[in-house]
Number of protein chains: 2
Amino acid sequence: MNEGVHQRRDVGSESGAQTRERLLDAAETMFASRGFAATSVRHVTREAGCNLAAVNYHFGSKLGLYQEVFRRRMDAVREQRLASLRRVAAVEQGPGALEAVLHAFAASFIEPLVDQSHGRTLTELIGREMLDPHLPPQMFRAEIAGPVQQSLSQALRTVTPGLSEEAARQCVQSIVGQLVQAAQRVSRQQATPFSPPALSALVDHIVRFSAGGVRACVPASG
Amino acid sequence: MNEGVHQRRDVGSESGAQTRERLLDAAETMFASRGFAATSVRHVTREAGCNLAAVNYHFGSKLGLYQEVFRRRMDAVREQRLASLRRVAAVEQGPGALEAVLHAFAASFIEPLVDQSHGRTLTELIGREMLDPHLPPQMFRAEIAGPVQQSLSQALRTVTPGLSEEAARQCVQSIVGQLVQAAQRVSRQQATPFSPPALSALVDHIVRFSAGGVRACVPASG
DNA sequence: GAGTATTTCAAACGATCGTATGAAAAGCAA
DNA sequence: TTGCTTTTCATACGATCGTTTGAAATACTC
């Protein structure tokens with residue numbers, strides 16, 4: 001009898017929307033730091049300062065709350081990644097173009113971790129979802145991973161003559177792999193929040209390493 | 001009153017050791033596929049075909065069981081990684097030596113995922129522990145990550161003239177990042193267990209990409 | 001064999017979990 | 001205000017959680 005998506009007729013009062021977002025904020029933080037199973041509905045509602053039943057009222061279930069936490073942020077994350085790539089690909093040309101593309105992508109991936117508080121928790125959240133999926137299978141990959149990786153792949157081929165489509169796809173995986181791991185290292189360091197110079201050095205290394213890697217994936221030309 | 005480590009006087013009977021290992025086997029599988037919080041002691045004991053209280057008797061607590069699951073495998077994992085590096089570093093020389101080192105390391109990381117069943121679950125287990133730590137902080141990094149990464153770092157510098165210690169350390173992070181992400185992709189593909197040629201192509205790409213990346217981290221020489 | 005130590009067992013403990021329910025509270029249109 | 005909808009609330013349900021307990025069963029020593 002459950003069609004899978006919880007639907008309330010509308011958001012009537014303003015206070016209704018307020019507690020709804022307080023719930024999402026609290027849930028986002030706790031799902032990120034503790035994981036889905038270890039986060040209880042009671043913890044979330046207590047943190048949000050509202051009643052236990054509010055979760056089931058607003059989101060149908062604990063799982064519905066979890067999915068809405070992602071849905072609320074996914075558009076912004078995807079657009080941020082795509083925009084920073086588009087910005088660079090339109091401007092840069094010549095021998096340093098590859099580094100520019102890589103730097104734009106890496107920075108847009110790493111910097112939100114320390115700039116805004118949402119970035120850090122969101123990265124942790126995504127890391128957990130990757131290992132312990134609770135979202136519909138198509139949701140995460142289709143709405144974030146897919147578009148972003150395809151966009152980066154195309155940008156790489158634009159600035160790297162001779163890079164095949166398959167090679168570009170593999171390079172994207174190598175780059176994302178480095179970034180995910182680096183992001184986790186940064187996020188883990190909660191006490192000492194990575195000084196800006198150290199963060200900049202981290203991004204610089206990934207750019208240099210990846211540029212060398214991408215160029216090594218181009219078949220040798222006369 | 002709990003000194004942190006559960007100590008039974010000895011392993012007296014053989015049947016005692018048998019159920020102890022059945023518990024570890026079952027727990028390893030379930031912790032890997034479901035995570036710590038989502039795996040219940042009752043599930044484990046039912047899977048192991050023994051009584052509920054056996055976990056607390058043999059390991060003191062659920063957490064004690066979890067830690068013992070890791071302790072049982074860590075030595076073997078570390079030795080396997082180090083041995084494959086040592087084997088290559090002693091033999092290879094010349095221009096292809098970097099690729100040989102990278103291939104040895106990547107293969108020892110990826111191949112257990114499909115060869116033996118332990119490798120796959122262990123990789124998933126490690127991935128979960130990285131995001132959701134339940135081990136004493138020094139245990140995992142000190143016994144696996146540390147020695148392996150230092151060994152790879154030294155091997156890279158041996159076959160790559162001009163690579164600084166700091167640069168080697170960063171390159172190790174880049175390589176490990178690629179491998180961890182690739183391992184997760186492989187493990188995720190449970191239905192179609194990655195044909196051997198596809199796996200070989202995956203390793204080959206990581207070797208080529210990383211070789212280019214490492215060489216790009218050497219300061220330009222005359 | 002008896003006697004001791006080790007291991008297994010069924011049963012229960014208190015706690016917490018996600019969810020459901022129906023009544024109070026609040027918001028809003030008339 | 002009245003009447004209706006939306007939101008909040010206290011409370012309870014059944015299930016499952018990790019752990020404990022004391023007795024039964026098993027293994028081992030002598």
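As a basis for the values below, the full set of heavy atoms in this structure was taken, side chains included, without hydrogen atoms, waters or symmetry mates. Here is how names work: the chains are called A, B, and so on, in the same order as the sequence lines, proteins then strands, and each is numbered from 1.
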Worked check of salt bridge (Lys or Arg N to Asp or Glu O under 4.0 Å) between B:Glu47 and B:Arg22: CA-CA 9 Å; B:Glu47 187 83 5; B:Arg22 280 208 317 277; over 6 Å; no

Whole angstrom value for the distance that separates C1' of C:dA20 from NZ of A:Lys62: 17 Å

Integer-rounded Å distance: D:dT8 P and A:Glu21 CD: 13 Å

Value in whole Å for how far the C1' atom of D:dT6 lies from CZ of A:Arg20: 14 Å

Distance-only criterion, 3.5 Å: show the donor-acceptor pairs between side-chain atoms of residues 136-156 of chain A and protein atoms not counting sequence neighbours.
none

Partner of A:Asp75 under salt bridge (charged side-chain N to carboxylate O under 4.0 Å, His left out), chosen from A:Arg72, A:Arg78, A:Arg71: A:Arg78

For atom OH of A:Tyr57 and atom P of C:dG27, their distance in whole Å: 13 Å

B:His134: partners by ring pair (Phe, Tyr, Trp, His ring centres under 6.0 Å), with sequence neighbours left out: B:Phe36, B:Tyr66

Below 4.0 Å: OP1/OP2 of C:dT8 and any side-chain N or O of B:Thr19: yes

Minimum side-chain heavy-atom gap A:Leu199-A:Ile110 below 4.5 Å: yes

Near-strand residues of residues 26-51 of chain A, defined as heavy-atom separation under 4.0 angstrom from DNA chain C: A:Thr39, A:Ser40, A:Val41, A:Arg42, A:His43

Atom-to-atom span, CG of B:Asn56 to P of D:dT21 - whole angstrom: 11 Å

Touch class at under 4.0 angstrom, heavy-atom based, for A:Ala53 against every strand present: base

Euclidean distance, atom CG of residue B:Leu52 to atom P of D:dC17 [Å, nearest integer]: 10 Å

Atom pair CG/CZ of A:Leu24 and A:Arg73 - distance to nearest 0.5 Å: 8.5 Å

d(CZ, B:Phe59; C1', D:dG18) in whole Å: 16 Å

Spacing of A:Gln18 atom CD relative to C:dA25 atom C1', expressed in whole Å: 16 Å

